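Predicted model, so just to flag it, every value in this text is computed and none were measured.
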Amino acid sequence: GTSIGDLDQWEMNNVRWLKEQIASGRRLFDIGIPKGEEAGRFITAERRVLREAGFRMERRGPIQVDGEWYQLFEWVR
């Protein structure tokens, strides 16, 4: 199974990758959280990093992924 240490390492790697994307100037998109679900630790960490870097979410419109419709957001400063 996956240990807490593995999850911690995964989260640190994800945050590092996100900070690299921010530094490179890449556009960052988000389809939000599926209906009926809560933000898990990884989404919460990503959103914290983005907000701390001065980003906010702007709605860009609906997008279909695997037959399901989601709201598409872009993280912008």
query = Are F55 and F73 linked, directly or through other ILVMFWY residues, by side chains that come within less than 4.5 angstrom of each other?
reply =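 The answer is yes; both residues are in one hydrophobic cluster.
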Examine M57 and F29 and state if one hydrophobic cluster contains both, with Ile, Leu, Val, Met, Phe, Trp and Tyr joined whenever side-chain heavy atoms are less than 4.5 Å apart.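 As far as the 4.5 Å side-chain criterion goes, F29 and M57 are not connected within one cluster.
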Just to verify, what does [X] make a salt bridge (charged side-chain N to carboxylate O under 4.0 Å, His left out) with, not counting sequence neighbours?
X: E68; result: none
X: R27; result: E74
X: R41; result: D8, E11

- prompt: When you look at CD of Q64, are more than 12 heavy atoms from neighbouring residues, nucleotides or ligands closer to it than 6.0 Å?
  reply: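 Enclosed: over 12 neighbouring heavy atoms sit under 6.0 Å from CD of Q64.
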If we only count heavy atoms from C-beta on, is the I22 to R77 side-chain gap below 4.5 Å?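 Result yes, sub-4.5 Å side-chain heavy-atom pair found.
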**Asked** Considering only heavy atoms from C-beta outward, does the side chain of D30 approach that of W75 to under 4.5 Å?
**Response**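 SC-SC contact between D30 and W75 confirmed.
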List, by chain and number, the other hydrophobic cluster members for I33, where Ile, Leu, Val, Met, Phe, Trp and Tyr join if side-chain heavy atoms come within less than 4.5 Å, directly or indirectly.
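Once heavy-atom contacts under 4.5 Å are chained together, I33 belongs with I43.
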Return the set of residues passing side-chain hydrogen bond (donor to acceptor under 3.5 Å, both in side chains) with S24 (not counting sequence neighbours), or none when no residue passes.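 Residues passing side-chain hydrogen bond (donor to acceptor under 3.5 Å, both in side chains) with S24: none at all.
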Among all residues two or more places apart in sequence or in another chain, which pass the side chain to side chain contact (heavy atoms under 4.5 Å, CB included) test with [X]?
X: W10; result: F42
X: E52; result: R48
X: D66; result: none

side-chain contact (heavy atoms from CB on, under 4.5 Å) between V76 and R56, worked out:
CA-CA 6 Å; V76 297; R56 67 185 187 291; 3.8 Å; yes
Pairs under 3.5 angstrom only: tabulate donor-acceptor contacts from the side chains of residues 14-21 to other protein residues two or more places apart or in another chain.
{"unit_1": "N14", "atom_1": "ND2", "unit_2": "E46", "atom_2": "OE2", "d": "2.8"}
{"unit_1": "R16", "atom_1": "NH1", "unit_2": "N13", "atom_2": "OD1", "d": "2.9"}
{"unit_1": "Q21", "atom_1": "OE1", "unit_2": "R26", "atom_2": "NE", "d": "2.8"}

